[in-house]
Amino acid sequence: MESELRGFNTKPSKTPQPDPTHDDASSRDDRPLLTSVSNVLELEKKCAAYFRNDVYGAMGRGELPLMEKLQLGIAFVTLLPLRIILVMTVLVVYYLICRICTLFSVPNHGEGQEDYAHLGGWRRTVILPSGRFLSKTLLFLVGFYRINETHNGSKNSQENSKTAGTLQPDEPEQRPGAIVSNHISYLDILYHMSSSFPSFVAKRSVANIPLVGLISKCLGCVYVQRESKSSDFKGVSGVVTDRVCKAHQDEYAPKILLFPEGTTTNGDYLISFKTGAFLARAPVVPVILKYPYQRFSPAWESVTGVRHVVFLLCQFVNHVEVTWLPVYYPSQLEKDDPKLYANNVRRLMASEGNLILSDIGLAEKRIYLATLNETNQRDGFTFLI
């Protein structure tokens with residue numbers, strides 16, 4: 001953690017961002033985090049991508065206006081229990097569909113992974129359409145009554161893509177290898193499931209969650225152990241690249257959704273991109289998500305899971321805006337340099353989505369959340385990263 005703080009307090013243009021996957025546990029001690037940060041306000045400016053701007057404030061513990069408290073109280077005793085029952089019913093229904101479709105089927109094992117995305121025939125025909133429909137149903141049940149989608153992007157996005165190197169007129173059209181999206185909330189996954197039902201990268205613990213675990217295996221999720229320091233990271237990178245290549249070459253291969261930022265933001269920023277989605281040198285489809293709000297922001301950047309779910313379900317109406325940009329075809333220079341490829345796609349998405357570019361990453365987010373936790377402990381609160 002000390003190494004992360006040293007990198008954080010220097011100018012980002014001169015100091016590379018620390019890699020949280022190589023954090024040396026032996027360097028950690030019990031000294032207070034705040035000794036290296038003057039105050040929370042200073043840290044909030046540096047970590048603006050993770051700062052909550054809604055009325056609920058940092059960690060969702062801000063002082064609420066009286067009217068907001070009344071609305072929250074009414075929704076808590078009426079809307080919340082109804083939505084929980086309906087959401088759980090939909091999850092159970094889809095779990096049963098997945099269970100029936102995977103009966104007597106052997107999961108695909110490889111590189112420490114386990115999935116049912118290889119299933120074909122009637123099983124895949126049932127799993128995909130029902131999954132998309134029930135995902136849309138879940139979004140509706142939690143207040144997303146209308147999804148504002150824009151496809152193909154603008155002329156500006158097409159021109160930007162062409163400057164990077166699109167197909168020439170005499171070349172055949174190529175299939176995209178991955179969908180790349182900014183990451184704001186777990187709701188992002190639910191939207192993409194309702195739209196294209198892709199597989200995605202998830203924590204390994206997701207595979208063991210009741211109901212959700214089997215569904216994630218039917219999606220063909222790639223499981224990672226974020227805190228691991230073993231060579232498994234290389235294996236996961238290889239699995240992701242292989243999935244992207246297969247989706248690019250085979251129209252029957254499951255699509256894969258990747259969040260290059262590697263963590264969630266408040267939706268106003270686009271932080272540094274990891275190169276995993278671009279190592280396969282295949283075209284990608286950039287997608288920009290936004291969640292307009294007036295009271296509670298659906299962004300999940302500093303609120304605990306339970307608190308976030310409760311506030312979300314207590315909000316009568318939620319909104320999401322989605323922009324699908326044209327397929328981005330990398331130039332030969334970008335194929336040879338995944339970092340350049342990732343940065344160009346990132347700049348395009350920021351331009352088309354009016355997002356602010358920031359070079360911070362997961363390491364800074366951990367520092368910010370740890371500081372919020374330390375600040376609130378004196379009030380009897382504990383925040384788990």
Side-chain angles (χ1 to χ4, degrees), residues 1 3-20 33-64 180-188 259-274 286 288-304 307-308 311-312 319-321 323 342-343 345-376 381 383-385:
M1 185 64 76
S3 61
E4 291 178 352
L5 281 169
R6 285 196 295 270
F8 180 77
N9 288 327
T10 55
K11 295 183 179 180
S13 60
K14 297 181 180 180
T15 304
Q17 300 295 338
D19 186 353
L33 180 64
L34 289 178
T35 56
S36 299
V37 183
S38 60
N39 51 58
V40 178
L41 292 178
E42 177 187 348
L43 188 58
E44 286 174 350
K45 292 180 181 178
K46 295 179 179 179
C47 295
Y50 310 124
F51 178 72
R52 291 191 70 83
N53 296 303
D54 63 5
V55 297
Y56 286 77
M59 299 173 63
R61 299 185 181 277
E63 183 63 31
L64 299 178
V180 293
S181 173
N182 61 322
H183 200 12
I184 303 173
S185 173
Y186 52 83
L187 296 164
D188 305 345
F259 298 110
E261 294 170 289
T263 188
T264 55
T265 68
N266 59 15
D268 296 327
Y269 289 76
L270 205 59
I271 61 175
S272 300
F273 273 16
K274 300 181 185 299
I288 304 167
L289 298 173
K290 288 189 174 183
Y291 295 91
Y293 65 91
Q294 293 182 347
R295 298 163 53 216
F296 176 74
S297 169
W300 190 35
E301 71 298 282
S302 67
V303 184
T304 57
R307 177 174 286 264
H308 188 279
F311 288 158
L312 180 74
H319 304 277
V320 59
E321 296 177 353
T323 301
N343 287 333
V345 173
R346 177 173 173 250
R347 283 196 292 267
L348 173 63
M349 293 175 64
S351 174
E352 291 300 317
N354 293 320
L355 302 174
I356 304 171
L357 291 174
S358 175
D359 292 330
I360 62 176
L362 181 60
E364 288 78 12
K365 183 175 185 177
R366 285 174 168 169
I367 295 172
Y368 177 55
L369 299 185
T371 304
L372 289 179
N373 179 44
E374 186 173 328
T375 303
N376 282 273
F381 299 138
F383 182 82
L384 300 177
I385 300 177

Any [X] side-chain heavy atom under 4.5 Å of [Y] side chain:
X: Y50; Y: Y269; answer: no
X: F273; Y: R347; answer: no
X: D268; Y: N53; answer: yes
X: P298; Y: L312; answer: yes
X: S272; Y: I360; answer: no

Look up atom [atom1] in [X] and atom [atom2] in [Y], then write down how far apart they are to the nearest 0.5 Å.
X: L369; Y: M59; atom1: CG; atom2: CE; result: 8.5 Å
X: L348; Y: I288; atom1: CG; atom2: CD1; result: 7.0 Å
X: T264; Y: L187; atom1: OG1; atom2: CG; result: 11.0 Å
X: Y56; Y: R307; atom1: OH; atom2: CZ; result: 10.0 Å
X: N182; Y: M349; atom1: CG; atom2: CE; result: 5.0 Å
X: S302; Y: R61; atom1: OG; atom2: CZ; result: 10.5 Å

Looking at every heavy atom in both [X] and [Y], which two are closest together, and how far apart are they?
X: S185; Y: A299; value: CB-CA, 4.5 Å
X: L355; Y: G267; value: CD2-O, 3.3 Å
X: A350; Y: L270; value: N-CD2, 3.9 Å
X: A49; Y: I271; value: CB-CG2, 3.9 Å
X: L372; Y: A58; value: CD2-CB, 4.2 Å

Any donor-acceptor pair under 3.5 Å from [X] side chain to [Y] backbone:
X: T371; Y: I367; answer: yes
X: E321; Y: K290; answer: no
X: S181; Y: F259; answer: no

Could you tell me which residues satisfy salt bridge (Lys or Arg N to Asp or Glu O under 4.0 Å) with R52, sequence neighbours excluded, listed by chain and number?
D54, E301
Among all residues two or more places apart in sequence or in another chain, which pass the side chain to side chain donor-acceptor pair (under 3.5 Å) test with H183?
D188
Passes side chain to side chain contact (heavy atoms under 4.5 Å, CB included), I184 versus N266? Steps please.
CA-CA 6 Å; I184 303 173; N266 59 15; over 6 Å; no
Can you label the angle between the W300 ring and the H308 ring as parallel, tilted or perpendicular, going by 30° and 60°?
tilted
